[in-house]
Amino acid sequence: MDSLPLDRLACLAGRSWRVAELPGGLTNRNYRVVTEDDHPDGGLDLVVRWSAGDAGLLAIDRDAEAANTAAAAEAGVGAEVVEYRPDLSLLVITYLPGRTLENASFADPRVLARAADACRRLHAGPRFTGEFDMFTRQAAYLATVREHGYPLPAEYDDHADAWVDVARALGAAPRSTVPCNNDLLAANFVDDETRAWIIDYEYSGNNDPCFELGNTATECGFGPEQVEAYVEAYFGAPTRADLARVRLQMLCSEYGWALWGFIQSAASPIDYDFYAWGRERYEKAAATFRGPDFARLLAEVGDG
């Protein structure tokens, strides 16, 4: 913690503070910083995000992350940006009171509804900097894996033709893109029991809103009934195509983000079993590719 350059931040200049490291973060370390002095502008309660690892390998745009974090705050769903110091790999935002969600939290339908409402507010907010498309990202990640010779399940490419079928089906019935977080695992929701907030915009960009829903559904381990409840909470009266699209985007999240895990396994300085993380997502994707519902989902995604 001694090497964390807080003394170089303008917002903390001439002030005293206490620091506590926050849990979580696989490409950054997060610290809560609370000022302890008397100051005419009052006290500060901040989160400092300190980037780690090779953002280029993972296609993370830190400037876009900062800009989109600010846009999410404008939409009323994210923390405000206090200071951005790319030279120090630091992003400083306001601390959001509330509890960080866990997968089990979504068993409460009220939490599920607040999370869906947070997504709607984000998606209705200002357009983001940059676009996010998992098919483009998956191709880039796969090229990185091959270029560097990173370990990859031998059967990963067995699903290449089916992956093309998914891209074709989704592209045949395109949806307008909206500002999306694109990495909405449970820990990126903060819930104060009145509303939910969304944090961590490393992978943010304008995208199909159904990817956002599908990503949360698979990352949080939703069962079929929970997926349907989440889609209903977001859309109100979802169509068969809405549900099929979210389920296909669950598959897209799994198959694409699995490669992120394989890259991190070889390149990240963080002590974590990223390969197992990627393998878990790959196996979920493979089960859908080989499952009895795959052909039906491809057909239904174009239905009204």
Passing option when L46 is tested against T35, V34, L12 for side-chain contact (heavy atoms from CB on, under 4.5 Å): L12
Got a salt bridge between K284 and E280, using NZ or NE/NH1/NH2 to carboxylate O under 4.0 Å? no
Does Q249 reach the main-chain N or O of L213 with its side chain, forming a donor-acceptor pair under 3.5 Å? no
Does a donor on one side chain and an acceptor on the other come within less than 3.5 Å for R127 and T177? yes
Would you kindly confirm whether L298 and V301 end up in one hydrophobic cluster when ILVMFWY residues are joined by side chain heavy atoms under 4.5 Å apart? yes
To the nearest 0.5 angstrom, please state how far the CZ atom of R137 sits from the CG atom of N207. 9.5 Å
Smallest heavy-atom separation, D208 atom then C210 atom, equals OD1-N, 2.8 Å
Counterpart residues, ring pair (Phe, Tyr, Trp, His ring centres under 6.0 Å), relative to F235 (two or more places apart): none
Spell out, as yes or no, whether a donor-acceptor pair under 3.5 Å connects the side chain of T94 to the backbone of E80. yes
Give a yes or no answer on whether the side chain of Y282 reaches the backbone of E155 with a donor-acceptor pair at less than 3.5 Å. yes
Heavy-atom count around D37 CG within 6.0 Å, excluding the residue itself: above 12? yes
CA sep, side-chain torsions, deciding dist, call: F262, F274, ring-ring contact (aromatic ring centres under 6.0 Å, His included): CA-CA 6 Å; F262 303 141; F274 286 104; over 10 Å; no
Nearest heavy-atom approach of P179 to P126 is CG-O, 3.4 Å
Using only atom types and a distance under 3.5 Å, with no angle test, would you say the side chain of Y255 pairs donor to acceptor with the backbone of Y156? yes
Using modelled atom types only, decide if a donor and an acceptor are shared between the side chain of N206 and the backbone of E131 within a distance under 3.5 Å. no
Between T69 (side chain only) and E65 (backbone N and O only), is there a donor and an acceptor less than 3.5 Å apart? yes
Could you walk me through whether R281 and E219 satisfy the salt bridge (charged side-chain N to carboxylate O under 4.0 Å, His left out) test, starting with their C-alpha distance in whole Å, then the side-chain angles of each, then the deciding distance to 0.1 Å, before giving a yes or no? CA-CA 9 Å; R281 281 147 186 79; E219 287 291 339; 2.8 Å; yes
Hey, does the side chain of N181 reach the backbone of I199 with a donor-acceptor pair shorter than 3.5 angstrom? yes
Assess whether salt bridge (charged side-chain N to carboxylate O under 4.0 Å, His left out) is satisfied between R168 and D165, documenting all intermediate values. CA-CA 5 Å; R168 184 181 299 115; D165 291 340; 2.9 Å; yes
Would you check, one step at a time, whether the test salt bridge (charged side-chain N to carboxylate O under 4.0 Å, His left out) holds for D242 with R175? CA-CA 10 Å; D242 292 332; R175 300 283 178 98; 2.8 Å; yes
For R62 and E202, work out which heavy atoms get closest and say how close. NH1-OE2, 2.6 Å
When you measure from the side chain of E212 to the backbone N and O of N182, does any donor-acceptor pair fall under 3.5 Å? yes
Check whether N188 reaches the backbone of L184 with its side chain - one donor and one acceptor, N or O, closer than 3.5 Å. no
Quick one: does T136's side chain have a donor or acceptor within less than 3.5 Å of a partner on F132's backbone? no
Under 4.5 Å between any side-chain heavy atoms of D133 and F211, yes or no? no
With rounding to the nearest 0.5 Å, note down the distance linking CZ in R245 to OG1 in T239. 10.0 Å
In Å and rounded to the nearest 0.5 Å, what is the CG to CH2 distance from D192 to W197? 7.0 Å
Under 3.5 Å, is there a donor-acceptor pair between the W257 and Y203 side chains? no
State whether a side-chain donor-acceptor pair under 3.5 Å links W277 with Q264. no
Would you say the side chain of C220 lies within less than 4.5 Å of the side chain of L101, judging by non-hydrogen atoms? no
